[in-house]
Amino acid sequence: MPYNHRTVEPKWQKAWADAKIFKSPTTPGDKPKFYILDMFPYPSAAGLHVGHPEGYTATDIIARVKRMQGFAVLHPMGWDAFGLPAENYAIQTGVHPHETTQKSIAAFRRQIQSLGFSYDWDREVDTTDPTYYKWTQWLFLQLYKKDLAYEAVVPINFCPSCKTGLANEEVHQGACERCGKTVEKRDMRQWMLKITLYADRLREDLEGLDWPQSTLSMQENWIGRSEGAYVDFAIDGHKETVKVFTTRPDTLFGATFMVLAPEHPLVKNICTTDKNAEVTAYIERARMTPEMERTEAGRKKTGIFTGAYAINPVNQENIPIWIADYVLAHYGTGAIMSVPAHDNRDHGFAKTYDLKIKTVVRPAMGQAPTDTAFEGDGFAIDSGAFTGLATEEFKKQITAWLKEKGLGERAVTYKLRDWVFSRQRYWGEPIPIVHCKGKCAKAVPVPEKDLPITLPQVERFQPTGTGDSPLSAITDWVKTICPECGGAGERETNTMPQWAGSCWYYLRFIDPKNTRAAWDKELEKAWNPVDLYIGGAEHAVLHLLYARFWHKVFYDLGLVTHKEPFKRLRHQGMILAFSHQDSKGAYHGYDEIEFAGETSKLIATGEPLNMKIEKMSKSKKNVVNPDEVISSYGADAMRLYEMFLGDFELTKPWDMRSIEGVSRFLAKVWRLLENQVPGDAKTNQRLRHKTIALVSERIENFKFNTAITALMEFVNALTGSQACKEDLDILLKLLSPFAPHMAEEGWALLGNQGFVSQAAWPTFDPALTTAESVGIAVQINGKLRETLRVPSGEAHNQVYVEAQAKASEKVVKYLENAKVTKVIFVAGRILNYVVHTS
RNA sequence: GGGCGGAUGGCGGAAUGGUAUACGCGACGGACUUAAAAUCCGUUGGCCGCAAGGCCUUGAGGGUUCAAGUCCCUCUCCGCCCACCA
């Protein structure tokens, strides 16, 4: 009977759902627990992308194996559903984001379920559901009460044409994504979270996490701790001093000018009258220049002299004070001492404006370059009493000296800045704050009993035109009473960023229905932390940093028992697409060139095959919809194919030409099951044990592609021999995490009871994982000359192997007339004669 | 500019410093078939050779080693992330 995935797959999906075999227990009980989590998706209207099933298949494979190995597995799925696309769609069409979102969720859920993943759907969460965001708001209030949330006026992206605030994602190369007009910075009141208070802990606790090295270093760079010193410079003729931050206090003697950020508060005071007009114009220009452009590397540096001079505290030299937009107001102190001889940015600036360059460090070895700055460590020259000191020692001594003289002190700065936590948007969690207009006249948190503050129903989602949130136009909703004094109050109209919901969803999954608390403390203790977290590398910094920050706050509040939320993290490699660009520049997606026949047609027309591998995007017509693949090949083939593409953690192209391979493999498995002839349990015993070992180990190490390879080799061998029942049972167990539907169908076909998904994962005997005989390579001077077949038992016996080698004509040929100077024997692998021919 | 990763047959890709090219795709030849599909068997990195066999080959060039796709140095190209961070 031919295997029909169209009927078999839905049948087993229903059977699993009816029997609730993937439902996680409330607590792990006496089983070891395993919490395996996918980064939950934003349910976009476009539906699933092939990148989604890649990660989900991987976690599903591991979840299924762990379950079969006797773990209590928590494997949930949910929706990170607040976000810009639904809101923008609402602005264009008037369809409420809630409607769009629910539709997208339904579509995503259907697609995900059609792949047969073993999620516990009873734990599904949706960040836009008031029963969920009630607790997002509650958690915000905990941060607020801990004094970690505050209001501040900060610049936001503002489009003067659309008259609306823009998210960073909506600004492309300094221009508004929608109208193309240049985006300005505009100061607005924002809610901020004090993530900087946790900078050190966020950095230090990276140690001990089983995360990819690249992610750890990205987080570390993002936090950007640098050690150095603050130094105060007096200003000639003024009472004020300018504080600068430097990581190289040892180059103070080489500071020949100073640069302030255009936004620096002292600029207006110190600027001499003759320079006033010029300076004001420069500042204005800098304000109008979008940050994107301003911070573009390699851009020609611009600046202007203020007319004022600072006094270098180490040698009392007067150095000119300049203003330049390459100095950023928000990093360090917004002012730098410039050492053009030892900093390349300063060097470029000094060259442009013909400023003095003074060398104060010589390299320990070799010559310093003359056309650029020498930024390395070395020994001090021309530095007064400090001359001759090595850079590190100099730093210590000068810092102590500065402290002693009251001119400065050791300092640590971070690139990490406080987190701007408010958005001028409708489709987000309302920030649960009332601005009292009565007696209290301050921001007052909404009492917990009044949560959630739900989003009001509105007809229009248009921005207000002032940059305020659309919520501010809904007077009925805004006007309220102050929870503290009962006087007039106005609700906060800003909403939270999309990150808010994803900062704690992994905690909600352990207790998703709780109406009295965000989660139960006992359950938290039982299930946390997440044992394995899988998702795209695009979240390497922001989401993972924000979630860690909230988690640490929860830890301080006694809400969680572990310092870190995600014990082990892996990123899936991005799936790229083949595109072909023809001579006219038009793109042809994979659907036009997917199969070899089509490719040949293109070759036949003489059209050059300009194949490119690049990110999938609608405009390049190379986006692949999983539905089509599932309908023609089935969910099992789709899952297998996703895993067979290449290394899970590396970038790889989606090449539909080879899905035929995994599809044929499944057909072969089915034929094998149907045509079983009773065989001897001994025949394939060693291969059976070896395959169990290989598949188990490769899954554990995320080498899904080669785990499938091992299964293919097993099937090829079984097809060519007489497979016994045990061979087939084990094959189905090993196959079941990858192709669960066929595995269940086959399990039933062989007359087994229950679900293969609930069978015990097979174990192996290490002694039986090697073949009866092994090949030993015999090399002469590293070159392969002969391969010996020796029994496994003798493969470690050098005397035996050498005797065999010397019995081989091929080897003898190379050994006669040669003097063996060295024999290298690697047990079970290599015998290498190093010879000297006279 | 910085960080991280990658480059292996016609294609996707395998290879704890130890037999490079496993597995799959494609191609070629054959079997089965009236025929096709499906399936099965065989061949398939390059060069020389009737053959036995030999030589070469993991982006380029050097090095370490008995032995290098793998380690080290220099360079080229590609991808991702960050980017004037003092």
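On a predicted model such as this, the values are computed, not experimentally measured, just so you know.
- Between Arg785(A) atom CZ and A52(B) atom C1' the separation is 15 Å, expressed in whole Å.
- Residue contacts for Thr709(A): at a heavy-atom cut-off of 4.0 Å it reaches a base atom on one of the strands shown.
- At a threshold of 4.0 Å, the pair Glu809(A)-Lys813(A) does not count as salt-bridged, since none of the basic side-chain nitrogens sits closer than that to a carboxylate oxygen.
- To the nearest whole angstrom, the two C1' atoms, one in G9(B) and one in A22(B), are 13 Å apart.
- Side-chain contact check for Asn716(A) and Lys668(A): at least one donor-acceptor pair (N or O, by modelled atom type) lies under 3.5 Å.
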When you compare the protein's N or O atoms with those of nucleotides 15-21 of chain B, which come within less than 3.5 Å of each other, and at what distance?
| residue | atom | partner | partner atom | Å |
| --- | --- | --- | --- | --- |
| U16(B) | O4 | Arg829(A) | NE | 3.1 |
| U19(B) | O2 | Thr787(A) | OG1 | 3.4 |
| U19(B) | O4 | Gly775(A) | O | 2.7 |

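- Pairing for C25(B) goes to G10(B), judged as Watson-Crick or G-U wobble with the two contacts each under 3.5 Å.
- Spacing between atom CD of Glu713(A) and atom C1' of A22(B) amounts to 6 Å, rounded to whole angstrom units.
- Residues His571(A) and Thr215(A) meet the side-chain proximity criterion, which asks for heavy atoms closer than 4.5 Å.
- Atoms NE2 (His264(A)) and C1' (A86(B)) sit 13 Å apart, rounded to a whole Å.
- Nucleotide C75(B) forms a Watson-Crick or G-U wobble pair with G59(B), both donor-acceptor distances falling under 3.5 Å.
- What separates CE of Met574(A) from P of G12(B) is a distance of 19 Å, to the nearest Å.
- Regarding Leu711(A), its CG atom lies at a distance of 14 Å from the C1' atom of G24(B), rounded to whole Å.
- Heavy atoms from other residues, nucleotides or ligands lying under 6.0 Å from NZ of Lys690(A) number 12 at most.
- Atom OH of Tyr814(A) and atom P of G53(B) are 10 Å apart (whole Å).
- For the pair His342(A) NE2 and C84(B) P, the interatomic distance rounds to 24 Å; values are reported in whole Å.
- Under the Watson-Crick and G-U wobble criteria, each requiring two contacts below 3.5 Å, nucleotide G1(B) is paired to C82(B).
- Lys668(A) has no side-chain polar atom (N or O) that falls below the 4.0 Å cut-off from OP1 or OP2 of C23(B).
- G45(B) and C28(B) are spaced 16 Å apart, taking the C1' atom of each and rounding to whole Å.
- Between the P atoms of C4(B) and C75(B), the separation comes to 16 Å (whole Å).
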Ignoring hydrogens and angles, write down the donor-acceptor pairs under 3.5 Å from the side chains of residues 637-647 of chain A, residues two or more places apart or on other chains.
| residue | atom | partner | partner atom | Å |
| --- | --- | --- | --- | --- |
| Arg639(A) | NE | Phe738(A) | O | 2.9 |
| Arg639(A) | NH1 | Asp60(A) | OD2 | 3.1 |
| Arg639(A) | NH1 | Leu115(A) | O | 3.0 |
| Arg639(A) | NH1 | Gly116(A) | O | 3.3 |
| Arg639(A) | NH2 | Asp60(A) | OD2 | 2.7 |
| Arg639(A) | NH2 | Pro737(A) | O | 2.7 |
| Tyr641(A) | OH | Asp655(A) | N | 3.1 |
| Tyr641(A) | OH | Asp655(A) | O | 2.4 |
| Glu642(A) | OE1 | Glu54(A) | N | 3.4 |
| Asp647(A) | OD1 | Glu649(A) | N | 2.9 |
| Asp647(A) | OD2 | Lys703(A) | NZ | 2.8 |

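- Nucleic acid contact for Asn705(A): sugar-phosphate only, since backbone atoms but no base atoms lie under 4.0 Å from a heavy atom of the residue.
- Applying the side-chain hydrogen bond (donor to acceptor under 3.5 Å, both in side chains) rule to Tyr814(A) yields the partners Arg785(A); only residues at least two apart in sequence or on another chain are considered.
- One atom, NZ of Lys813(A), and another, C1' of G53(B), lie 7 Å apart when rounded to the nearest Å.
- Side-chain N/O atoms of Thr399(A) and Arg410(A) include no donor and acceptor closer than 3.5 Å.
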